[in-house]
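Read the structure below first, then the notes.
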Amino acid sequence: MKTLVIAEHDNGRLATASLNAVTAAVRFGGTVDVLVAGHACDAAVAQARAVAGVARVLKVDAAHYAEPLAENLAVLVQRVATEGGYRAVLAGASSFGKNLAPRVAALLDVAAVSDVVGISAPGRYERPIYAGNVMVTVESDQVLDVLTVRSTAFDAAGSGGSAAVEEIAAGPDLALSRVVGRELSKSERPELGTAAVVVSGGRGLGSGENYHRVLDPLADTLGAALGASRAAVDAGFVPNDYQVGQTGKIVAPGLYVAVGISGAIQHLAGMKDSKVIVAINKDPDAPIFQIADYGLVADLFEAVPALTSSVAAT
Amino acid sequence: MKILVPVKRVVDYNVKVRVKSDHSGVELAGVKMSINPFDEIAVEEAVRLREAGTATEVVAVSCGTAASQETLRAALAMGADRAILVETDVELQPLAVARLLQAVAGREQPQLVICGKQAIDDDANQTGQMLAALMGWPQATFASKLVIGTGTASVTREVDGGLETVELKLPALVTADLRLNEPRYATLPNIMKAKKKPLDVLPAAELGVDVAPRLRHVRHAEPAARKGGVKVADVAELVNKLRNEAKVI
Ligand SMILES: Cc1cc2nc3c(=O)[nH]c(=O)nc-3n(C[C@H](O)[C@H](O)[C@H](O)COP(=O)(O)OP(=O)(O)OC[C@H]3O[C@@H](n4cnc5c(N)ncnc54)[C@H](O)[C@@H]3O)c2cc1C
Ligand SMILES: Nc1ncnc2c1ncn2[C@@H]1O[C@H](COP(=O)(O)O)[C@@H](O)[C@H]1O
């Protein structure tokens, strides 16, 4: 049995979500190939072949894969998956994977399974539905399954591998779409999806200025990534990629500190698998306290600076 | 330009759903149903394009049981011009919906389809991408801004690292994210008007599409509940617990 992982990369660097996808692919019990389609992507290929558990890296280098556009990639993956006789095609459940995987599945005329958090056997998967309020076991008799897998449910594959690299032919350039602009948030902080500690702020912060004035020092002290509720993003406190939740990022850090967040189910869906949850909220009845390991009923504008200096002092 | 907007009837986002005691599914009896929130955003965007004179007609489509007529009326009350119900009692999975929508798009010949990014019941986030694949159209998922040009659409997408803008050749498919717009509330007069707008019912069987489920949902369960925690009195106790009990700092 063979599985194929679609690498997510920017030609230079492999995304960590792809390492988690390799671990999920290993659960199928067969050999794992990784497809790296890009342009001038030798660095990404080199990283992919060093991932433990990978048998082969299929490299496709062409100008029309310089950007990870779903239209061109889906046609390529369809061909590779069919010719290679794969049992499953996997990608991380990132914006890249979610954009691409269903398109691949439709071209292959198979159902796709999104946000997989468990693989008990090939063709038997677990995934959350209804904002994580229900876990469903999904069974498939398809010859080929297309999956996106949650990074929080599968460890990142290690390094030390030395997979064979095979160059394969490019697919057509459909020229249906092109990238004309990109506005990526730059940050020196750890990546939200993989950080060991996340400090998240909600509407209670009141403004973007307050958000940064109150939370940045705490995040600096804890070496944390910063996150936010939808309300904080909608109000323009922070950019969209800070959003944690059902329709934002899914995180499961060792420590999640929710500040001025009420705890709507859509927010909880994105963070309730964190190991330790701290909530700071002035409303003792805020639903966030029902899932917090440590709840502090307090005004965040006093409590957070005090917490920061207390942690920094030792 | 004609715009097609697929809308799904889902459990309202405020409802805390319960798993049936035999684990066969989710308890839907007596539960409040609404139009999928992302589809509301999609309808709003389409209606704004028509109000701006960019679009000529907005057609809402829903696939499902007769009850979805209610969802279509909600879209009509927001300003869609007419509606189509593709009626079936079969449990529809995203690929089946995409195939039905493909058949409808074949008849209607829209230049643009705006889906929601995900249905908040199955949380699949698949149907739009699948429809785009079946049509051979370009796609822009997770849209937070949409500008129609001549023969093109420029779409800003919410991606993991921030924002990305893509240009698509029309006809194209877009899926709406939360910040594309803020949907209007339907006013009472518009709700009344919506009752008179055309709503065609098309039996799914007439479209000659394979809608059989490809996946079996064999067991539903509530996720392991978190153990309730404690309230701490002050910052000092919090730091003490984090350091000595949880050992996370
Ligand atoms: C389709 C859909 C998808 C959604 N997806 C997401 C998602 O992915 N992620 C997400 O987060 N939400 C999502 N939401 C929104 C969600 O339902 C809530 O509206 C949102 O999470 C609320 O954000 P909040 O907790 O910051 O704001 P609020 O609910 O307004 O809570 C603010 C909290 O701050 C507290 N507070 C105020 N001032 C202070 C102070 N001085 N000190 C201490 N505490 C204070 C208040 O007591 C209150 O509890 C979604 C909603 C829908 C309909
Ligand atoms: N039964 C349906 N009828 C009409 N549109 C649907 C249906 N199911 C899904 N959609 C559309 O596809 C989007 C994504 O749904 P999903 O792939 O199920 O998450 C929704 O926001 C709708 O726009």
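So you know, we letter chains A, B, ... as the sequences are listed, proteins then strands, and number each from 1. Not measured: the values here are computed from a predicted model.
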Does the side chain of B/His217 come within less than 4.5 Å of A/Thr137's, by heavy atoms?
-> no
Between atom CZ of B/Arg216 and atom CG of A/Asp141, what is the distance when rounded to the nearest 0.5 Å?
-> 4.0 Å
When you measure from the side chain of A/Ser95 to the backbone N and O of B/Val159, does any donor-acceptor pair fall under 3.5 Å?
-> no
Identify whether NZ of Lys or CZ of Arg in B/Lys231 sits under 6.0 Å from the centre of the six-membered ring of A/Phe289 and within 45° of that ring's axis.
-> yes
Do B/Asp123 and A/Gln246 come within less than 4.5 Å of each other through their side chains, counting heavy atoms only?
-> yes
When heavy-atom pairs shorter than 4.5 Å are enumerated against chain B, which of A/Val311, A/Thr221, A/Ile277 gives the highest number?
-> A/Ile277
In this structure, CZ of B/Arg99 is separated from CG of A/Asp109 (nearest 0.5 Å) by 4.5 Å
CA sep, side-chain torsions, deciding dist, call: A/Val138, B/Val218, side chain to side chain contact (heavy atoms under 4.5 Å, CB included) = CA-CA 6 Å; A/Val138 177; B/Val218 292; over 6 Å; no
Spatial distance of atom CZ (B/Arg226) from atom CD1 (A/Ile291) [nearest 0.5 Å] | 6.0 Å
Counting only heavy atoms closer than 4.5 Å, note whether A/Gln243 contacts chain B via side chain, backbone, both or neither.
-> side chain
When you look at CD of B/Glu245, are more than 12 heavy atoms from neighbouring residues, nucleotides or ligands closer to it than 6.0 Å?
-> yes
Name of the residue among A/Leu184, A/Val179, A/Val180 meeting side chain to side chain contact (heavy atoms under 4.5 Å, CB included) with B/Glu164 | A/Val179
Who among B/His220, B/Glu158, B/Gln118, B/Glu167 has the most heavy-atom pairs with chain A under 4.5 Å?
-> B/Glu167
Part of B/Asp234 lying under 4.5 Å from any heavy atom of chain A | backbone
Let me know if A/Glu67 has heavy atoms under 4.5 Å from chain B in its side chain, its backbone, both or neither.
-> neither
A/Lys275, part contacting chain B, at a heavy-atom distance under 4.5 Å | backbone
Could you check A/Tyr130 against B/Asp121 for side chain to side chain contact (heavy atoms under 4.5 Å, CB included), going step by step and ending with a plain yes or no?
-> CA-CA 5 Å; A/Tyr130 288 96; B/Asp121 49 4; 3.6 Å; yes
Between A/Val278 and B/Leu242, the two heavy atoms sitting closest are CG2-CD2, 3.7 Å
Heavy-atom proximity to chain B below 4.5 Å, by part of A/Ala74 = neither
One option among A/Ala196, A/Ser94, A/Gly254, A/Ser140 has the most heavy-atom pairs under 4.5 Å with chain B, and it is A/Ser94
Whatever's closer than 4.5 Å to a heavy atom in chain A on B/Arg18 counts as neither
Value for CD1 (B/Ile249) from OG (A/Ser310), rounded to nearest 0.5 Å, stands at 7.0 Å
Criterion side chain to side chain contact (heavy atoms under 4.5 Å, CB included) on A/Phe96 and B/Asp160, from CA distance to verdict | CA-CA 8 Å; A/Phe96 165 83; B/Asp160 286 342; 5.9 Å; no
Residue selection (most heavy-atom pairs with chain B, distance under 4.5 Å) from A/Val134, A/Leu255, A/Leu307 = A/Val134
B/Val19, part contacting chain A, at a heavy-atom distance under 4.5 Å | side chain
So which part of A/Leu222 gets closer than 4.5 Å to some heavy atom of chain B, the side chain, the backbone, both or neither?
-> side chain
Under 4.5 Å from a heavy atom of chain B, the part of A/Val113 involved = both
Do you know which of B/Ala233, B/Gly229, B/Ala133 has the most heavy-atom pairs with chain A at a distance under 4.5 angstrom?
-> B/Ala133
Sort B/Leu238 into side chain, backbone, both or neither according to what part of it lies under 4.5 angstrom from a heavy atom of chain A.
-> side chain
Is the closest side-chain donor-acceptor distance between A/Tyr294 and B/Glu237 under 3.5 Å?
-> no
Could you look at A/Leu296 and say if it's the side chain, the backbone, both or neither that has a heavy atom under 4.5 Å from chain B?
-> both
Applying a strict 4.5 Å limit to non-hydrogen atoms, the region of B/Val11 in contact with chain A is side chain
For chain B, find which of A/Val297, A/Val110, A/Ile280 contributes the most heavy-atom pairs closer than 4.5 angstrom.
-> A/Val110
So which heavy atom on A/Asn99 is nearest to which on B/Gln129, and how close?
-> O-CG, 3.4 Å
Compare every heavy atom of B/Gly162 with every heavy atom of A/Ser185, then report the nearest pair and how far apart it is.
-> OG-CA, 4.0 Å
Looking only at B/Leu168, B/Leu215, B/Thr141, B/Val248, the option with the highest number of non-hydrogen pairs under 4.5 Å against chain A is B/Leu215
Considering only heavy atoms from C-beta outward, does the side chain of A/Arg103 approach that of B/Gln139 to under 4.5 Å?
-> yes
Which answer fits B/Ala98, side chain, backbone, both or neither, if we ask what part of it has an atom under 4.5 Å from a heavy atom of chain A?
-> neither
Would you mind reporting whether A/Asp293 and B/Val230 have side-chain heavy atoms less than 4.5 Å apart?
-> no
Atom group of B/Ala119 that falls short of 4.5 Å from chain A, counting heavy atoms | neither
Give a yes or no on this: more than 12 heavy atoms of other residues, nucleotides or ligands lie within 6.0 Å of atom OH of B/Tyr13.
-> no
Among B/Lys117, B/Lys16, B/Glu222, who wins on heavy-atom pairs under 4.5 Å with chain A?
-> B/Lys117
Going by residue number, which parts of residues 22-41 of chain B are within reach of chain A, meaning a heavy-atom gap below 4.5 Å?
-> B/Val26, B/Leu28, B/Phe38
Applying a strict 4.5 Å limit to non-hydrogen atoms, the region of B/Gln126 in contact with chain A is both
Identify which part of A/Leu192 has an atom lying under 4.5 Å from any heavy atom of chain B, answering side chain, backbone, both or neither.
-> neither
Relative to chain B, which segment of A/Ala298 carries a heavy atom at a distance below 4.5 Å: side chain, backbone, both, or neither?
-> neither
Output for pair (B/Asn125 CG, A/Thr148 OG1), nearest 0.5 Å, gives 8.0 Å
Between chain B and each of A/Asp234, A/Val197, A/Asp273, A/Ile265, count heavy-atom pairs under 4.5 Å; write down the option with the most.
-> A/Asp234
Examine whether an atom of B/Pro223 lies under 4.5 Å from a heavy atom of chain A, and if so say whether it belongs to the side chain, the backbone or both; otherwise answer neither.
-> both
So CZ of A/Arg124 and CZ of B/Arg219: to nearest 0.5 Å the spacing works out to 9.0 Å
Side chain from CB out, backbone as N, CA, C, O: work out which of these in B/Leu163 comes under 4.5 Å of a heavy atom of chain A, or both, or neither.
-> both
Look at B/Gln93, B/Glu182, B/Arg243 and state which one has the largest set of heavy-atom pairs under 4.5 Å with chain A.
-> B/Arg243
Could you walk me through whether B/Phe142 and A/Lys98 pass the side chain to side chain contact (heavy atoms under 4.5 Å, CB included) check?
-> CA-CA 10 Å; B/Phe142 325 143; A/Lys98 290 180 171 185; 3.9 Å; yes
Chain A contact residues among residues 169-181 of chain B, heavy-atom distance under 4.5 Å | B/Lys169, B/Leu178, B/Arg179
